[in-house]
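Below, read A as the first sequence line, B as the second, and so on, with proteins coming before strands; counting in each chain starts at 1. Computed from a predicted structure; not experimentally measured. Values below: all heavy atoms of this structure, side chains included; hydrogens, waters and symmetry mates excluded.
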Amino acid sequence: MAKDQRNVEAITPMEEDFAKWYTDICLKAELVDYASVKGFMILRPYGYAIWEHIQRIMDGEFKKTGHENVAMPVLIPESLLKKEGELVNGFAPEVAWVTEGGSEKLEERLAFRPTSETMFCDHWSHVLHSWRELPMLYNQWCSVIRWEKTTRPFLRSREFWWQEGHTIHETAEEAIAETEQQLNCYADFCRDALAMPVVKGRKTEKEKFAGAEATYTIECMMKDRKALQSGTSHYFGDKFSRAYDVTFAGRDNTLQYPFQTSWGTTTRLIGAVIMTHSDNNGLILPPAIAPVQVVVLPIAQHKPGVIEAATALRDRLAAAGVRVKMDDSEQSAGWKFAQYEMKGVPLRVEIGPKDMEKGQCCIARRDTGEKAFVPMAELESSVERLLGEIHNNLYAKAEQNLADNTFDLNTWEEVKEMIENGGGFALTKWCGDEACEVAMKEKAGVSSRCMPLKQSGTTGKCPICGKECTTDIYWGVAY
RNA sequence: CGGGGCGUGGCGAAGUUUGGUAUCGCGCUUGGUUCGGGACCAAGAGGCCGCGGGUUCGAAUCCCGCCGCUCCGACCA
């Protein structure tokens, strides 16, 4: 009973208030703190450690396909930002400006980067000369600033941390292949590191990135059945090259414009992980990105030999390459159980006097709550197996949620009904007319999420205008 | 940017209607007993009551302005 009471105080149940549940986890799992400027967040050590694992794994994947990291300046001169009209128009409402340096007013104001296409293009216009130097496959890990109206930790903040990949290629085909490769890289990362299934697709004209020729996306379904765009990959054609005068001498010695891509994922992925896996006891982390994969808790730790036994377990797991921590602080055992559940640690290993007698330890899973007693000799193998099972179980549950709440529908009335009955993704046909897309938002309250890469090839009717058409499209309420 | 809710030690709240110098729980510090699901006893520390102005002998409380958090819309990773 005492536990229930304290849990009610500790965290709002998701059934009661999903938004409050989400922010409770962000704060009480010690991922973030609010900063002193509206919309800015402090990534605390535990939250930043998650981001570091995301960076480490993803960066490794980028490097496997030949990408190199660079660092671009945080400030962009207004004149440079304005060279590409669509990009400027798209971002104008949310750019923050520097107008003074020291005590001097600047002759030209400087934008805090909302994204760095302009800086990359400016740089390339200086350094690119020949087709032999292509492709240039760059990426940077940094933060960007967008002056958002309403803000929430990880999901929408005025500063967020991300990676932005920017590449230029000799041909359109190569650039398009790069766009697809990076989208697949994100989808694979979500599956293998975050245990999150995604819907891969293309954005409509209305939803695509300002200035892009085509925008691809991975869409994820959260536990409240809302959609979260979790990564994007853009194909720019040669639009920016022309705007920024990026040229090279081609194989035929004519001056040519390279074809460009950009792609990004952000700290929003942490928000996605929270809303995909966690429960009313707190965060649940996929083992691949958990800062601590196993916490070792000595029980009755003042009894002779207990700390030593727990230390030995910790050392064995560390030697086996597991990210492990022992907590021998003076808190009670029950407090520690609740604390590490709140922080989403995948496995808890308990060792007490009774276990020592029997030559065993207790392993508890965060995802299912199941406890098992395993012989001491099987510690490493059991931990390895359970971490794998947790990943698979988290993925399976998320996949089930996506499957259970994705509906093949025919009319906007059906879509509206779906939203009113708990939400989800609606898969319908679409005629391609933006007026119908807007009407869907007005009538059913959903926005287009993406046209899936896997198209069925069948014919059906647009749910708004009734026209015969073939395009499959997902609709949903988005974060 | 429009509409609602909220702002009191680190956290959660009471006190505001009817002005009189701040209370409770948790947490924190020290000492002791505990530890297999959020332990207990004792002694302590900690507050420009979001900020600024006004009314008043006196403001957490009344008035004006601003800021922040949050939810619902519109915009976005």
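Although no hydrogens or angles enter the test, the distance criterion places no donor-acceptor pair under 3.5 Å between the side chain of A:Asn89 and the main chain of A:Glu86. Between the side chain of A:Glu94 and the backbone N or O of A:Glu148, no donor-acceptor pair lies under 3.5 Å. With A:Gln301 contributing its side chain and A:Ser329 its backbone, the two residues share a donor-acceptor pair below 3.5 Å.
A:Gly264 comes within contact range of no nucleotide atom at all, as no heavy-atom separation falls under 4.0 Å. Nucleic acid contact for A:Asp355: base, since at least one base atom lies under 4.0 Å from a heavy atom of the residue. Nucleic acid contact class of A:Gln339 (heavy atoms, under 4.0 Å, all strands): base. Within the 4.0 angstrom heavy-atom criterion, no nucleotide atom of any strand lies near A:Phe18. Here A:Leu228 lies out of heavy-atom contact (under 4.0 Å) with every strand. If you check every strand for non-hydrogen atoms under 4.0 Å, A:Gly39 touches sugar and phosphate atoms only.
Taking the C1' atoms as reference points, B:rG31 lies 25 Å from B:rC24, given to the whole Å. Going from the P atom of B:rU61 to that of B:rG52 covers 13 Å, rounded to whole Å. Using P as the reference atom, B:rG20 and B:rG15 are 13 Å apart when rounded to the nearest Å. Annotation: B:rU18 and B:rC64 have their P atoms spaced 15 Å apart (nearest Å). Nucleotides B:rG9 and B:rG44 have their C1' atoms positioned 15 Å apart, rounded to a whole Å. For B:rC49 and B:rC62, the P atoms lie 15 Å apart once the distance is rounded to whole Å. Going from the P atom of B:rG25 to that of B:rG68 covers 35 Å, rounded to whole Å. Using atom C1' as the reference point in both B:rC48 and B:rA59, the two lie 14 Å apart (nearest Å).
Of the candidates B:rC76, B:rA74, B:rU70, the closest approach to any side-chain atom of A:Thr151 belongs to B:rU70. For A:Tyr34, whose side chain is taken as the heavy atoms from C-beta onward, the closest listed nucleotide among B:rG37, B:rC71, B:rC69 is B:rC69. Closest contact between the side chain of A:Lys354 and the listed nucleotides B:rG36, B:rG37, B:rC28 involves B:rG36. Comparing B:rG68, B:rG36, B:rG37 against the side chain of A:Lys371 picks out B:rG37 as the nearest. The listed nucleotides are B:rA74, B:rC72, B:rC75; the one nearest the side chain of A:Glu148 is B:rC75. For A:Gln331, the side-chain atoms get nearest to B:rC28 when compared with the rest of B:rC28, B:rA77, B:rG36. Of the candidates B:rA77, B:rG36, B:rC1, B:rC1 carries the atom nearest the A:Lys149 side chain, counting heavy atoms from C-beta on. With distances taken from any side-chain atom of A:Ala19 to the nucleotides B:rG37, B:rC71, B:rA77, the minimum falls on B:rC71.
Taking atom CZ of A:Arg268 as the reference point, atom P of B:rA77 lies 8 Å away to the nearest angstrom. Nucleotide B:rU34 holds its P atom 20 Å from the CG atom of A:Leu297, rounded to whole Å. For the pair A:Trp263 CH2 and B:rA77 P, the interatomic distance rounds to 17 Å; values are reported in whole Å. Atom NZ in A:Lys28 sits roughly 16 Å away from atom P in B:rC26 (whole-Å rounding). Between the CD atom of A:Glu330 and the C1' atom of B:rU30 there is a distance of 14 Å, rounded to whole Å. Note: OH (A:Tyr22) to P (B:rC69) measures 15 Å, nearest angstrom. For A:Leu27 and B:rU70, the CG to P distance is 9 Å, given to the nearest whole Å. Between A:Arg365 atom CZ and B:rG37 atom C1' the separation is 19 Å, expressed in whole Å.
Aromatic pair A:Phe91/A:Phe209: ring centres closer than 6.0 Å. Taking the six-membered ring for Trp and the full ring otherwise, the centers of A:Tyr138 and A:His166 sit at least 6.0 Å from each other. Ring to ring, A:Phe62 and A:Trp263 are close: their centroids are under 6.0 angstrom apart. You'll find the ring centres of A:Phe337 and A:Trp335 outside the 6.0 Å limit.
In a base pair of the Watson-Crick type (N1 to N3 plus N6-O4 or O6-N4) or a G-U wobble (N1-O2 and O6-N3), with each distance short of 3.5 Å, B:rC40 is matched with B:rG32. Shown here, B:rG73 forms a base pair with B:rC1; the pair counts as Watson-Crick or G-U wobble because both key distances fall under 3.5 Å. The pairing partner recorded for B:rA22 is none, the criterion being a Watson-Crick or G-U wobble arrangement whose two distances lie under 3.5 angstrom. Across all strands shown, B:rG46 has no partner, as no Watson-Crick or G-U wobble contact with both distances under 3.5 Å is found.
Residue A:Glu350 is the one, among A:Val477 and A:Glu350, whose nearest nucleotide of RNA chain B lies closer to the 5' end (criterion: closest heavy atom). The nearest heavy atom of RNA chain B to A:Glu159 and to A:Gln301 marks one nucleotide each, and the one closer to the 5' end goes with A:Gln301.
Taking the six-membered ring where the residue is Trp, A:Trp162 and A:Phe160 present perpendicular rings, their angle passing 60° and hence far from 30°.
In this structure, A:Thr217 and A:Lys200 have side chains that are not in contact, with every pair of non-hydrogen atoms separated by 4.5 Å or more.
Residue-to-nucleotide contacts include a donor-acceptor pair under 3.5 Å from the side chain of A:Thr150 to the base of B:rA74. Judged by distance alone with a 3.5 Å cut-off, no donor-acceptor contact links the side chain of A:Arg348 to the base of B:rG36. The base of B:rA39 lies outside donor-acceptor range of the side chain of A:Ser332, with no N or O pair under 3.5 Å.
Contact check, A:Lys441 against B:rA74: a side-chain N or O comes under 4.0 Å of OP1 or OP2. The phosphate of B:rC71 has OP1 or OP2 within less than 4.0 Å of a side-chain N or O from A:Arg152.
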